[in-house]
Amino acid sequence: MRTERIGFALCGSFCNHPKILMLFEEMAESFEMVPILSENTARYDTRFGLADDLIARVERAAGRPAIRTIVEAEPFGPQDLADVLVIAPCTGNTLAKLAHGITDGPVTMAAKSHLRNGKPVVIALATNDGLSASAPNLAALLNRKNYYFVPFGQDDPQGKPTSLIADFSQLVPTVDAALRGVQLQPLLVK
């Protein structure tokens, strides 16, 4: 068991939840995990899974309740609950809120609270508008201290030419690099 504590925030991009849940469960075997769920992730049943099933899986793997409200997320930084905060999948909506300092849910509150301690936030993108409307927000966070990105690329250049997705298989190496204050390279993957 490793000693690092990982805050792990799950946002929308529901099609990626099955993959992210498997990663979360694998990571929970090696790390102490603090799950954080966006309000939509905790609320909506989709064709990719039921919200109650997702909540049960992350809480069972982590061995603790998930943070699901702003009030629960506010002490994340003051109580020093994690060494690194992972946001996966990070939607264009969450990316925009982070870039503009909007704190209106548990994920953005956990990020704000965590950043006050000067600790790393790892972003695993999953957004259909990464090379269009979300591009300025991506650029802003790429240039901001304490933000690190899981290497990403276009997932379907012909069918979705502005879509970007993280290479989720590189999540743990990105966490390790971020804990050393380094951005894992290369950042752009095919």
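Positions are given from 1 along the sequence.
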Result of checking Thr103, Thr108, Asp104 against Lys97 for side chain to side chain donor-acceptor pair (under 3.5 Å) | Asp104
Does the Thr94 side chain pair with the main chain of Cys90, one donor and one acceptor, at a distance under 3.5 Å?
-> no
Taking NZ, NE, NH1 and NH2 as the nitrogens, is one of them in Glu59 or Arg64 under 4.0 Å from a carboxylate oxygen of the other?
-> no
Kindly give the heavy-atom pair with the smallest separation between Glu74 and Ser113, and that separation in Å.
-> O-OG, 2.8 Å
Mark yes or no for whether Gln185, through its side chain, and Leu187, through its backbone, hold a donor-acceptor pair below 3.5 Å.
-> yes
Given Ile123, Val182, Val150, Asp167, the one that forms side-chain contact (heavy atoms from CB on, under 4.5 Å) with Thr174 | Val150
Got a second to check how far Arg5's CZ is from Leu85's CG, nearest 0.5 Å?
-> 12.5 Å
Taking every non-hydrogen atom, the tightest pair across Ala140 and Ala99 | CB-CB, 4.2 Å
Report yes or no: does Thr162 contribute a side-chain atom to a donor-acceptor pair with the main-chain N or O of Asn128 at less than 3.5 Å?
-> yes
Quick one: do Val121 and Phe149 end up in the same hydrophobic cluster if we chain Ile, Leu, Val, Met, Phe, Trp and Tyr together by side-chain heavy atoms under 4.5 Å apart?
-> yes
Do the non-hydrogen side-chain atoms of Ile6 and Val175 ever get within less than 4.5 Å of each other?
-> yes
Donor-acceptor contact present, side-chain Asp45 to main-chain Ala51, <3.5 Å | yes
Spell out, as yes or no, whether a donor-acceptor pair under 3.5 Å connects the side chain of Glu72 to the backbone of Pro106.
-> no
Can you tell if the side chain of Glu4 reaches within under 4.5 Å of the side chain of Leu179, non-hydrogen atoms only?
-> yes
Roughly how far apart are Ser134 OG and Leu164 CG, rounded to 0.5 Å?
-> 8.5 Å
What are the two closest non-hydrogen atoms of Pro89 and Cys11, and how far apart are they?
-> O-CB, 3.1 Å
CG (Leu125) and CD1 (Ile87) are apart, to the nearest 0.5 Å, by 10.5 Å
When clusters are formed by joining ILVMFWY residues with side-chain heavy atoms under 4.5 Å apart, either directly or through shared neighbours, do Val86 and Met109 land in the same one?
-> no
Donor on one side chain, acceptor on other, Thr91 and Asn93, under 3.5 Å | no
How long is the span from the CG atom in Leu21 to the CZ atom in Phe48, to the nearest 0.5 Å?
-> 13.0 Å
With a 6.0 Å cut-off on ring centres, are Phe8 and Phe24 close enough?
-> yes
State plainly whether one hydrophobic cluster holds both Leu23 and Leu10, where clusters connect Ile, Leu, Val, Met, Phe, Trp and Tyr through side-chain heavy atoms under 4.5 angstrom apart.
-> yes
Would you tell me whether His100 and Asn137 have side-chain atoms, one donor and one acceptor, within less than 3.5 Å of each other?
-> yes
At their closest point, which heavy atom of Arg144 faces which heavy atom of Leu98, and how far apart are they?
-> NH1-O, 3.3 Å
Taking every non-hydrogen atom, the tightest pair across Gly77 and Asn117 = O-ND2, 2.8 Å
So do the side chains of Ile20 and Phe168 get within less than 4.5 Å of each other, counting heavy atoms only?
-> yes
dist Glu26:CD -> Met22:CE (nearest 0.5 Å) comes out at 6.0 Å
Should Asp176 and Arg2 be marked as a salt bridge (charged side-chain N to carboxylate O under 4.0 Å, His left out) after you check the CA-CA gap, both sets of side-chain angles, and the distance that decides it?
-> CA-CA 11 Å; Asp176 289 337; Arg2 293 180 55 170; 2.6 Å; yes
Find out if a path of hydrophobic residues (ILVMFWY) with successive side-chain heavy-atom gaps under 4.5 Å connects Leu188 to Leu95.
-> yes
Regarding Thr127 and Asp129, is there a side-chain donor-to-acceptor distance under 3.5 Å anywhere?
-> yes
Can you name the closest pair of heavy atoms from Ser163 and Asp155 and give their distance?
-> OG-OD1, 2.7 Å
If only atom types and distance count, is the side chain of Arg68 paired as donor or acceptor with the main-chain N or O of Ile55 below 3.5 Å?
-> no
Note, Leu138 side chain near Phe152 side chain (heavy atom, < 4.5 Å) = yes
Asn143 atom CG, neighbour heavy-atom count above 12 within 6.0 Å | no
Looking at the rings of Phe76 and His114, which for Trp means the six-membered one, are their centres under 6.0 Å apart?
-> yes
Report yes if some heavy atom in the side chain of Pro151 is under 4.5 Å from a heavy atom in the side chain of Leu184; otherwise report no.
-> yes
Taken to the nearest 0.5 Å, the spacing of Leu37 CG from Arg43 CZ works out to 12.0 Å
